Undergrad: 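First, the structure itself, so that you have it in front of you.
Counting starts at 1 for both ligands and their atoms, following the listed order. Given the structure is predicted, the values throughout are model-derived calculations rather than measurements.
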Amino acid sequence: MQNHYHIDSLEAYNQACQDATNTPEDFWDTIARENFDWIAPWESVLEHDLSIPAVSWFKGAKLNITLNCIDRHLATRGSKTALLFEPNDLGQPAVAISYRELHVRVCKMANVLKSKGIQKGDRVCLYLPMIPELAIAVLACARIGAVHSVVFAGFSAAALATRINDCDCKMVITSDGSYRGAKTIDLKAIVDTALLSCEAVQSVLVVKRIGTEITLYKNRDYWIQPLLDAASGVCQAEVMDAEDPLFILYTSGSTGKPKGMVHTTAGYMVYSAYSFKNVFQYQEKDVYWCTADIGWVTGHSYIVYGPLANGATSLMFEGVPTYPDAGRFWEVVAKHKVTQFYTAPTAIRALAKESLSLVEKHDLSSLKVLGTVGEPINEEAWHWYDDHIGKNKAPIVDTWWQTETGGIMITSLPGITKTIPTYATLPLPGIKLALMDDTGQQITTPQGQGKLCITFPWPSMARTIYGNHQRYKQTYFSAFKNVYFTGDGALRDAEGNYRITGRVDDVIIVSGHNLGTAPIEDAINQHPLIAESAVVGFAHDIKGTALYGYVTLKNTNVTNQDQLRKEINAKIRLEIGAIAKLDKIQFTQGLPKTRSGKIMRRILRKIAGKQTDNLGDISTLLNPEVVKDIKENAL
Ligand code: PRX
C-alpha cells in the first residue's frame with residue numbers, strides 16, 4: 001500500500017479515498033508504520049464492534065506520544081521553534097521555545113508531577129491560561145502516562161469542581177491569574193473555591209503569571225517554578241499501550257452533566273498528525289497559528305499534538321482579538337509571518353465589523369491557508385475572510401469536526417479540492433459519512449438532507465464517556481444501529497459536498513462554544529423566585545447563535561425584572577461561566593408543554609427567531625393559551 005500520510009494533489013486525494021474505502025486497515029497500517037516512532041508494533045490495526053460499542057486501533061502497540069511530538073525531532077529540528085508564544089501585552093516580547101528546550105521543560109514538569117505522587121493513569125486537571133506551561137503540562141502528563149483533563153479557564157468554580165470530581169483528579173495545575181485583554185482574572189481563587197468540594201485533589205501546582213497575591217494552602221499548594229528549577233531535565237517516557245487513555249475532555253450534552261470524552265493514545269496520535277499535515281499542507285518552514293484555547297479540543301489536536309507530531313512551529317496566543325485593538329490578530333500574523341491561520345467564524349464576524357484600516361495596515365502576504373472551525377460560517381463572513389485576509393490567494397478550509405471525533409472529519413484540502421462558501425465540502429480519506437432520514441434510513445441519492453452520521457470507525461474517535469459507557473452508547477450509537485450519530489444535520493450536493501446545517505439536538509453553539517440547554521436551565525432554576533425555564537438559541541450576527549431564556553416565576557408580582565435578569569445571569573456565571581450568559585430573558589406565565597409534560601422547544605425557538613407566523617399545530621398542547629402570551633411579549 002502506498003503511504004497516504006501527505007496528500008499533495010487531487011489524484012493523490014482520490015487515490016487515498018479509494019484505498020481508505022477498499023482496504024481501510026492497510027491504509028492506516030501504512031500511515032502509522034511509516035510516519036511514527038513505535039516502541040513495539042501492533043497485533044491488529046482495527047478491532048471493532050459498534051453494537052457495544054468497542055473500538056481498538058493498533059492493538060498491542062507500545063508508544064509514547066511525546067517521543068513522537070518531541071524526542072524524534074531533536075536530531076533534525078532541535079533548534080527549530082516548537083512553540084512560539086505571543087503574550088497578551090504588546091509590551092512583552094514573544095518567546096520562542098525550541099524543540100530542545102521543550103524537551104527539557106516537559107521532562108522537568110513530568111518529574112515534578114512524579115515527585116507529587118502522580119502515576120500512570122492518574123487524572124490531572126489543567127486550569128491554565130494560554131501560556132507555554134499549559135502545553136508543557138499537557139505533554140508532561142502524556143510523558144508519564146497521566147491522563148490530562150484540561151478545563152477551559154473561563155469556566156466557573158462550580159463547573160470546574162464538577163469536572164474535577166467527575167474523573168477524580170488527584171492534582172490541579174493552575175496559575176495565580178490570567179490576563180484577558182486589559183483585565184486580569186484571579187484563577188487561583190476560583191480553584192480554591194472549587195476545591196472546597198473536591199476531595200480527591202491532593203496537590204495544586206501554581207504557575208506565577210500575573211503576580212497577584214494568592215493563598216497557598218499548606219501541604220496542598222506549591223509554586224511550580226522552584227520545583228521545576230530543582231527537577232531533572234531528563235525523564236524516561238512511560239511505555240503506553242495503544243489504547244491507554246491519553247486525555248479526558250468535557251463537552252456539553254443535551255441533558256445532564258458534561259460528558260468526559262475519553263481519547264486514547266495511538267489512534268489519536270496518528271489521526272491528529274495526519275489530518276494536520278493534510279488540512280494545513282504544513283511545510284517545514286511554515287509558522288502555523290490556531291487561535292483556539294487549549295481548553296477546547298481544537299487546541300489539543302491542532303495547537304499541541306497534531307503540529308508537534310509534524311515537527312511544526314505552533315503559535316500560542318495568550319490574548320484576545322480586540323486588545324489593544326481589533327487589529328491584533330493581523331498584527332501577530334504580520335509580526336511572525338504566519339503561514340496558516342485557523343480561527344472561529346465568531347471571531348471573523350466580530351473583526352469584520354471593525355474598520356478595514358485595522359487589517360490593511362498589516363502585511364498579511366505570508367498567509368497561505370486560512371481555516372475556520374466550531375460553527376457554520378455564513379457567506380458574508382466567508383467572503384470577508386477570503387477577500388481581506390487571504391486576498392483571494394489563501395484557500396479557506398472550513399473544517400467540521402467535534403470533541404468526540406478528535407480530529408477534522410470534513411474539510412477541503414487547500415489548493416487540492418474545491419472550496420465552496422458555507423460548505424465544509426468533502427470527508428478526509430478514511431472517513432465514511434452518511435445522511436439519515438427521519439425514518440432512520442440512509443439517504444442513498446447523491447443529493448439529500450438529513451442527520452449526519454459516520455458509518456465506520458476512525459482512529460481518533462472518543463472511545464467512551466468517562467465512567468459512563470452506557471451514556472456513550474445511548475448518545476452516539478443508539479439513534480441508528482451500529483453507526484455514530486454526530487448530533488448535527490447536514491445537506492449534501494450532487495458532487496458529494498457537505499454543508500452543516502446545525503445541531504439537531506438541544507446543544508447550542510454560541511460563539512463556537514458547545515453549550516447544553518439543560519445545565520443552563522438547572523442554574524436558572526436554582527434561583528428561589530423561579531419556577532421553571534427553557535433556553536433556546538436565536539440567530540446573532542456575531543455569536544452565530546445567542547441564548548434566549550424563557551423564565552416562569554413562582555410569583556408573577558416581581559416588579560424589578562431587570563434586577564432579576566441580572567441575578568439570573570449572575571447565577572449562570574457562577575454555575576457555568578460567562579460564556580453561557582443569556583442575551584435575552586423573557587418572563588412568561590408558563591411554558592408550552594405537550595400532554596406528557598415535555599417543553600415544546602420548537603415553538604420557543606420560532607418565537608425567539610421572530611418566526612411567529614407559522615408555529616405549527618399548537619392545539620395538542622397541554623396549555624395552548626401560554627403561546628399567545630409568549631408571542632405578544634417576545635423580546
Ligand atoms: O455543530 C457542530 C459544530 O460544533 C460542534 C462540535 O463542537 P465541539 O465538540 O465543541 O468542537 C468544536 C471544534 C471541533 C459540531 O457538532 N461545528 C464544528 N465545526 C463546524 C461546526 N458546524 C459547522 N461548520 C463547522 N466547520
Undergrad: Heavy-atom distances under 4.0 Å decide this one: backbone, side chain, both or neither, for I500 against ligand 1?
TA: side chain
Undergrad: Does any N or O atom in T403 lie less than 3.5 angstrom from one in ligand 1, N or O only?
TA: yes
Undergrad: Under 3.5 Å between any N/O of D398 and any N/O of ligand 1: does that happen in this structure?
TA: yes
Undergrad: Please check if any side-chain donor atom of Y342 sits under 3.5 Å from a side-chain acceptor atom of T399, or the reverse.
TA: yes
Undergrad: What is the closest protein heavy atom to atom 7 (O) of ligand 1, and at what distance does it sit?
TA: N514 ND2, 3.1 Å
Undergrad: Do any N/O atoms on R503 end up under 3.5 angstrom from N/O atoms on ligand 1?
TA: yes
Undergrad: For P376, state whether at least one heavy atom is located under 4.0 Å from any atom of ligand 1.
TA: yes
Undergrad: If you measure from each non-hydrogen atom of E375 to ligand 1, which part falls under 4.0 Å: side chain, backbone, both or neither?
TA: backbone
Undergrad: Assess A424 for proximity to ligand 1: is some non-hydrogen atom of it under 4.0 Å away?
TA: no
Undergrad: Look at the rings of H540 and F538 and say which category their plane angle falls in: under 30° parallel, 30 to 60° tilted, over 60° perpendicular.
TA: perpendicular
Undergrad: Can you check ring-ring contact (aromatic ring centres under 6.0 Å, His included) on Y288 and F276, steps first, answer last?
TA: CA-CA 10 Å; Y288 160 88; F276 172 77; 4.7 Å; yes
Undergrad: With heavy atoms of V373 as the reference, note each atom of ligand 1 found under 4.0 Å away.
TA: 13 (C), 14 (C)
Undergrad: Cationic tip of K584 within the cone over Y548's six-membered ring, i.e. under 6.0 Å and within 45° of the normal?
TA: no
Undergrad: Measure across L351 and W330 and return the closest heavy-atom pair with its distance rounded to 0.1 Å.
TA: CD1-CZ2, 3.6 Å
Undergrad: For atom 6 (C) of ligand 1, which candidate among Y423, Y498, W401, Y302 provides the closest heavy atom?
TA: W401
Undergrad: Among protein heavy atoms, which sits nearest to atom 3 (C) of ligand 1, and what does the distance come to when rounded to 0.1 Å?
TA: G374 O, 3.3 Å
Undergrad: Indicate, as side chain, backbone, both or neither, the part of I509 found under 4.0 angstrom from ligand 1 when only non-hydrogen atoms are considered.
TA: side chain
Undergrad: Taking F456 as the fixed residue, which of L433, T21, N482, L46 is the one that meets the side chain to side chain contact (heavy atoms under 4.5 Å, CB included) rule?
TA: L46
Undergrad: Measure across T403 and L249 and return the closest heavy-atom pair with its distance rounded to 0.1 Å.
TA: CG2-CD2, 3.9 Å
Undergrad: Which part of H513 is near ligand 1, with near meaning a heavy atom under 4.0 Å away: side chain, backbone, both or neither?
TA: neither
Undergrad: By number and element, which atoms of ligand 1 are closer than 4.0 Å to a non-hydrogen atom of T298?
TA: 13 (C), 14 (C)
Undergrad: Ignoring hydrogens and angles, state whether a donor on the side chain of N378 or R349 is under 3.5 Å from an acceptor on the partner side chain.
TA: yes
Undergrad: Considering the options I500, D506, V507, which one meets the side chain to side chain contact (heavy atoms under 4.5 Å, CB included) requirement together with R503?
TA: V507
Undergrad: Do the side-chain N and O atoms of E243 and T264 include a donor-acceptor pair separated by under 3.5 angstrom?
TA: yes
Undergrad: Who's the nearest protein heavy-atom neighbour of atom 1 (O) of ligand 1, and how far?
TA: D488 OD1, 2.7 Å
